[in-house]
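Working notes for the structure below.
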Amino acid sequence: MIITIHDDFNLQRIIDSGQCFRPVKIPDGRYRFITGKHLLHIQELGDGRYEVDCSRWNWKHTWKPYFDLNASYAAIRRSIPDSDTYLTWAAEYSQGIRILRQDPWEMLITFIISQRKSIPAIRSAVEMLCEKAGTLCEEGGENFYTFPRPGELARLSEEDLRECSLGYRAPYIYQTVKRVCREKIHLSQWNSLPDETLMEKLLEFPGVGIKVANCTALFGFHRISRAPIDVWIERVIREHYGGRNPFVLYPETAGIMQQYMFYYIRNER
DNA sequence: GATCAGGTTTGCA
DNA sequence: TGCAAACCTGAT
């Protein structure tokens with residue numbers, strides 16, 4: 001099926017923007033995304049046209065929301081004042097990045113894993129976890145593993161987790177999984193909480209500090225006002241904003257501005 | 001072999 | 001309240 005997208009949309013930049021770790025570009029030039037039990041191949045054809053291998057229904061109800069295609073990122077870019085020269089450059093350079101609407105549980109576990117790991121190491125660990133505990137699915141003749149639900153992860157011992165190269169994060173994951181199962185926590189039910197309450201609850205999990213909680217809120221709960229500050233953004237603030245937090249200017253869209261800066265500082269030159 | 005990678009926790013001023 | 005040091009592991 002052919003679909004048309006008129007707004008900012010760049011698949012390579014989306015998968016390189018550090019918000020997701022399972023999507024890949026496959027050798028034939030298509031991009032492969034996984035969400036829940038769904039698999040999608042998508043290929044750019046030019047002029048905003050894309051070939052996707054899903055039904056019209058699935059596009060409308062699964063993938064269009066996943067890519068956040070009901071929002072205008074072009075309008076968000078245009079809202080940046082010329083006076084913010086660094087962000088203006090960053091957003092221009094990063095045009096096409098969108099904040100995917102990913103699963104909260106997957107984001108929580110993934111960003112606990114992410115601490116002090118390189119992006120390739122995160123990808124590898126997450127994939128091992130999926131193969132070890134996820135469900136084997138098939139769609140369009142291709143097999144893939146889902147990201148394991150809490151009940152599936154609960155079958156793993158701490159030693160099983162360590163075998164996924166999780167190192168000292170293994171007990172964090174182990175305890176988080178145990179708590180979610182014991183207290184029957186459904187993260188998707190936290191969708192209605194205000195940002196501050198959501199943050200407080202995320203911070204209660206072991207191995208979750210401010211940075212991981214913000215990433216989970218931004219990428220798993222689509223709280224686009226949350227801007228995670230990592231070593232790269234710290235560098236931006238230090239070197240380009242004289243140590244002053246630049247996100248106070250963008251209370252509604254700080255998370256998106258953060259993505260532009262993050263992608264820019266990591267890829268320029 | 002040392003250092004670093006999208007941090008968090010712990011312990012001690 | 002603030003600041004190091006320690007922590008698994010793979011890559012450079």
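Within every chain, numbering begins at 1; the chains are lettered A, B, ... in the order of the sequence lines, protein sequences first and strands thereafter. Every value quoted in this text rests on a predicted model; they were computed, and no experiment measured them.
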Checklist entry - Would a line drawn from the ring center of A:Tyr93 to the ring center of A:Tyr260 be shorter than 6.0 Å? => result no
Next on the checklist: For a quick check under 3.5 Å, do A:Gln19 and A:Ser17 share a side-chain donor-acceptor pair by atom type?
Outcome noted: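 Note: A:Gln19 and A:Ser17 side chains meet the donor-acceptor criterion.
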Next on the checklist: Testing the 3.5 Å rule here: is there a donor-acceptor pair between the side chains of A:Asp195 and A:Ser225?
Outcome noted: yes
Could you tell me how far apart [X] ([atom1]) and [N] ([atom2]) are, to the nearest whole angstrom?
X: A:Ile122; N: B:dG7; atom1: CD1; atom2: C1'; answer: 11 Å
X: A:Leu166; N: B:dG7; atom1: CG; atom2: C1'; answer: 15 Å
X: A:Lys211; N: B:dA5; atom1: NZ; atom2: P; answer: 13 Å

Item to check | C:dC8 to B:dG11 separation - P atoms, rounded to the nearest Å | outcome: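 C:dC8 and B:dG11 have their P atoms separated by 14 Å.
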Next on the checklist: Give me the distance, rounded to whole Å, that separates C:dA11 from B:dT8 when you measure between the C1' atoms they each carry.
Outcome noted: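 So the two C1' atoms sit 22 Å from each other.
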Checklist entry - Of A:Arg169 and A:Ser118, whose nearest nucleotide on DNA chain C comes first from the 5' end? => result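 Its nearest nucleotide being more 5', the pick is A:Arg169.
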Next on the checklist: Taking the nucleotide of DNA chain C with the nearest heavy atom to each, does A:Pro120 or A:Lys117 sit closer to the 5' end?
Outcome noted: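 Final value for this comparison: A:Lys117.
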Item to check | A:Phe33, A:Tyr73, A:Tyr50 screened by ring-ring contact (aromatic ring centres under 6.0 Å, His included) with A:Phe67, the one that passes | outcome: A:Phe33
Item to check | Residue closer to the 5' end of DNA chain B, A:Pro206 versus A:Cys215 (nearest nucleotide) | outcome: A:Cys215
Checklist entry - Checking all strands, does A:Glu163 fall into the base, sugar-phosphate, or nothing category for heavy-atom contacts under 4.0 angstrom? => result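 A:Glu163: no heavy atom of the nucleic acid under 4.0 Å.
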